[in-house]
Structure formats: C-alpha cells, structure tokens
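Working notes, beginning with the structure itself.
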Amino acid sequence: MMYGRPGIIYGFHGCDLRNSEFAHIGRYQKAYAMGDASVRLDTPSDKWHAEAFVRNIADSHAKTSGDSVMGGFMQANFVEPRMFGVRVGVNY
C-alpha cells in the first residue's frame with residue numbers, strides 16, 4: 001500500500017513598484033494571488049517517493065520588481081509562468 005501526502009500552498013502579493021528615475025512608469029500594479037499544489041506518494045518502507053506538482057496554478061502574470069539602470073533602460077523581474085512537473089526520489 002502507498003501513502004499520499006497532499007499539499008497546497010497559497011500566497012497573496014501586493015506591489016508598489018517604484019522606479020528611481022521614472023516614478024510615473026510601472027509604479028503600481030493590481031495585487032495578484034499565486035497558488036502551488038502537490039501530491040506525494042511514499043512507499044511504506046520509505047525507500048522511494050513520487051510527487052506531482054503544479055506551480056502558479058492560476059498562471060498569474062505580474063512584475064515582482066523593477067528598476068531603471070544606466071542609460072535609462074528599464075529592468076524588471078516577472079512571476080514564472082505555470083509549471084507542471086513530477087519529482088521522484090530514492091532514500092538509500
């Protein structure tokens with residue numbers, strides 16, 4: 001028999017992104033929510049496990065940080081897009 005261990009992670013983020021030189025560009029954005037989920041199966045002997053996961057279930061699109069750099073160029077980081085995956089592990 002295998003055992004399951006479900007998991008859900010949820011976060012709420014609000015941002016006030018200020019640019020040092022261009023305060024009127026990209027200063028505010030709407031708040032966004034992100035959620036992650038996973039299901040893990042462990043063998044009774046704990047020799048191996050398998051886990052299916054989803055990151056950013058809602059596929060939220062938002063800027064996490066931004067700034068202006070030399071020459072007036074804008075630099076920004078964004079939320080990673082939705083990702084599905086499987087992890088498998090072995091204990092030895």
Side-chain angles (χ1 to χ4, degrees):
M1 174 182 272
M2 299 183 78
Y3 301 94
R5 193 181 321 164
I8 295 176
I9 299 171
Y10 181 78
F12 177 79
H13 306 275
C15 292
D16 176 7
L17 302 172
R18 300 176 192 272
N19 299 313
S20 57
E21 295 177 19
F22 304 102
H24 62 288
I25 300 174
R27 183 170 177 190
Y28 297 104
Q29 70 180 7
K30 292 182 181 179
Y32 64 97
M34 288 181 51
D36 298 337
S38 64
V39 175
R40 178 175 162 150
L41 298 174
D42 292 313
T43 59
S45 62
D46 279 335
K47 293 218 177 220
W48 65 272
H49 62 271
E51 180 178 16
F53 67 91
V54 181
R55 293 181 60 195
N56 192 5
I57 292 173
D59 201 19
S60 299
H61 300 280
K63 185 169 31 169
T64 58
S65 65
D67 199 3
S68 58
V69 294
M70 291 188 340
F73 295 101
M74 300 299 292
Q75 172 182 319
N77 295 310
F78 295 90
V79 171
E80 291 182 10
R82 181 184 306 137
M83 179 174 42
F84 298 91
V86 176
R87 293 184 188 106
V88 177
V90 177
N91 296 325
Y92 55 92

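Side chains included, hydrogens not; waters and symmetry mates left out as well; all remaining heavy atoms used.
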My understanding is that only residues two or more places apart in sequence, or in another chain, count here; which of them pass salt bridge (Lys or Arg N to Asp or Glu O under 4.0 Å) with Arg87?
Glu51
Is the side chain of Asn91 donor-acceptor paired with the backbone N or O of Trp48 at a distance under 3.5 Å, no angle test?
no
To the nearest 0.5 angstrom, please state how far the NE2 atom of His61 sits from the CZ atom of Arg82.
8.0 Å
Please find the pair of heavy atoms, one from Ala33 and one from Ser60, that lie closest to each other, and give the distance.
O-OG, 2.6 Å
So which atom in Asp36 and which in Arg55 form the shortest heavy-atom distance, rounded to 0.1 Å?
OD1-CA, 3.3 Å
Which atom names give the shortest non-hydrogen contact between Asn56 and Val79, and what distance separates them?
ND2-CG1, 3.5 Å
Kindly work out whether a path of hydrophobic side-chain contacts (I/L/V/M/F/W/Y, heavy atoms less than 4.5 Å apart) joins Leu41 to Val88.
no
Nearest non-hydrogen partners of Phe78 and Thr64, listed with the distance
N-OG1, 4.0 Å
